Peer 1: 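Got a structure for you, questions after.
Throughout, residue positions are numbered sequentially from 1 according to the sequence presented. The structure displayed is predicted, hence computed values, not measured ones.
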Amino acid sequence: GKAALEAEAKKRQEIDTQLNQASQHLTKGHLTKAIVITDVLLGLDPNHPAAKLLHEQIQKAIEGQKEAERKAAQERERQRQIEDMIATAEAAPTHDTAIEILNDVLRRDPGNAKAGRLLDKRQADLDALKAEQRRNEIAAAQQTNHIAVEMVVRRRAKRLERYVARGKAALQQKRYKEALELAEKG
């Protein structure tokens, strides 16, 4: 009787104390300590409803923690990849390659300020380079045009010199009609 009832009451009080401790550990985020306590309690009384319920809550919290850790690890890996891509863009030998990589970074991480600044700089450098190339092309075309005009003028001047020489010779020989024709051609 009485001793058995007292032992049962003491056991229930110990279980309640342990449940309270497990609940406090759960609240503080000490999930390993909490699960160990509920495992022991369920070992003593596998059908204890409060211990079973608390055990399930702790398991869900552990699963949630693992999921959060997995997501955090994925985000760290994503950030590492983005940083690697930015470093690759910084070292890229051409502006076009850097711009392509940085646009990819900004598709993955639209708010990445470092990639945005680097993209703006690379684009400005590329625009300046293209403008310089256009100026050089125009200068080369102008130089080529100048040379072509000069050649035409020289050829025409030589032709005129020949007509003038032939016209003078015709005049000296009193071949006026021929001199007049040469003057009109020239």
Side-chain angles (χ1 to χ4, degrees), residues 1-140:
K2 185 176 178 182
L5 287 175
E6 286 178 8
E8 185 62 31
K10 186 174 181 182
K11 181 180 171 186
R12 260 191 250 116
Q13 185 175 359
E14 181 61 31
I15 288 175
D16 288 344
T17 301
Q18 292 295 320
L19 279 172
N20 189 27
Q21 283 183 350
S23 182
Q24 288 176 4
H25 285 307
L26 173 62
T27 302
K28 293 177 183 177
H30 304 145
L31 303 179
T32 304
K33 290 179 182 178
I35 201 83
V36 167
I37 292 171
T38 58
D39 282 344
V40 169
L41 291 176
L42 289 172
L44 296 174
D45 184 356
N47 296 317
H48 193 283
K52 286 170 81 172
L53 180 63
L54 186 57
H55 190 77
E56 288 174 12
Q57 290 173 343
I58 295 166
Q59 283 180 322
K60 285 181 183 175
I62 289 171
E63 289 169 14
Q65 187 179 55
K66 285 179 182 177
E67 180 63 18
E69 288 170 1
R70 187 186 64 73
K71 285 182 179 179
Q74 284 178 332
E75 179 59 20
R76 284 191 302 275
E77 177 60 19
R78 188 180 79 83
Q79 287 299 323
R80 186 197 61 74
Q81 288 173 351
I82 286 171
E83 287 301 317
D84 287 351
M85 290 172 74
I86 290 172
T88 300
E90 287 174 323
T94 67
H95 296 300
D96 288 333
T97 300
I99 289 168
E100 184 179 330
I101 293 168
L102 292 167
N103 279 325
D104 190 23
V105 167
L106 290 171
R107 275 190 292 280
R108 295 173 188 219
D109 185 7
N112 191 303
K114 185 176 182 181
R117 285 190 306 273
L118 188 55
L119 177 62
D120 290 345
K121 181 183 182 326
R122 281 294 194 136
Q123 189 64 57
D125 290 349
L126 179 60
D127 292 345
L129 181 64
K130 285 181 179 179
E132 179 66 24
Q133 287 172 338
R134 279 192 298 277
R135 285 191 296 275
N136 290 341
E137 289 168 0
I138 290 169

Peer 1: Looking only at heavy atoms, what is the nearest atom pair of Ala89 and Leu118, with distance?
Peer 2: CB-CD2, 4.4 Å
Peer 1: Are any non-hydrogen side-chain atoms of Gln123 and Leu126 less than 4.5 angstrom apart?
Peer 2: yes
Peer 1: Name the residue from Lys71, Glu77, Arg78, Arg70 that meets the side-chain hydrogen bond (donor to acceptor under 3.5 Å, both in side chains) definition with Gln74.
Peer 2: Arg70
Peer 1: Flag the pair Ile82 / Ile86 as yes when at least one side-chain heavy-atom distance between them is below 4.5 Å, and no otherwise.
Peer 2: yes
Peer 1: Working to the nearest 0.5 Å, report the span between OG1 of Thr38 and CD1 of Ile15.
Peer 2: 12.5 Å
Peer 1: Distance-only check: which donor-acceptor pairs under 3.5 Å involve side-chain atoms of residues 41-48, not counting sequence neighbours?
Peer 2:
from: Asp45; atom 1: OD1; to: Asn47; atom 2: N; distance (Å): 3.3
from: His48; atom 1: ND1; to: Ala50; atom 2: N; distance (Å): 3.4
from: His48; atom 1: ND1; to: Ala51; atom 2: N; distance (Å): 3.2

Peer 1: How far does CG of Leu54 sit from CG of Leu26, to the nearest 0.5 angstrom?
Peer 2: 6.0 Å
Peer 1: Of all residues at least two apart in sequence or in a different chain, which pass the side-chain hydrogen bond (donor to acceptor under 3.5 Å, both in side chains) check with Gln133?
Peer 2: none
Peer 1: Tell me the closest heavy-atom pair linking Ala22 and Ala34, and the distance in Å.
Peer 2: O-CB, 3.5 Å
Peer 1: Would you please say whether a donor-acceptor pair under 3.5 Å links the side chains of Gln79 and Glu83?
Peer 2: no
Peer 1: Name the atoms and distances for all side-chain donor-acceptor pairs under 3.5 Å in residues 102-113, with sequence neighbours left out.
Peer 2:
from: Asn103; atom 1: ND2; to: Ile99; atom 2: O; distance (Å): 3.3
from: Asp109; atom 1: OD2; to: Asn112; atom 2: ND2; distance (Å): 3.3
from: Asn112; atom 1: OD1; to: Lys114; atom 2: N; distance (Å): 3.2
from: Asn112; atom 1: OD1; to: Ala115; atom 2: N; distance (Å): 2.9

Peer 1: Could you tell me the separation between the CG atom of Leu31 and the CD atom of Glu63, rounded to the nearest 0.5 Å?
Peer 2: 11.0 Å
Peer 1: Who pairs with Glu137 by side-chain hydrogen bond (donor to acceptor under 3.5 Å, both in side chains), at least two apart in sequence or on another chain?
Peer 2: none
Peer 1: What pairs meet the side-chain hydrogen bond (donor to acceptor under 3.5 Å, both in side chains) rule with one or both residues in residues 17-37, with sequence neighbours excluded?
Peer 2: Glu14-Gln18
Peer 1: If I take atom NZ from residue Lys11 and atom CD from residue Gln13, how far apart are they, to the nearest 0.5 angstrom?
Peer 2: 14.0 Å
Peer 1: Taking only distance into account, with no hydrogens and no angle test, what donor-acceptor pairs under 3.5 Å do side-chain atoms of residues 90-98 form with protein atoms, sequence neighbours excluded?
Peer 2:
from: Thr94; atom 1: OG1; to: Thr97; atom 2: N; distance (Å): 3.1
from: Thr94; atom 1: OG1; to: Thr97; atom 2: OG1; distance (Å): 2.7
from: His95; atom 1: ND1; to: Arg122; atom 2: NH1; distance (Å): 3.2

Peer 1: Salt-bridge test for Lys121 and Asp125: reply yes if a basic N is under 4.0 Å from a carboxylate O, no otherwise.
Peer 2: yes
Peer 1: Can Arg135 and Glu132 be counted as an ion pair, charged N to O under 4.0 angstrom?
Peer 2: yes
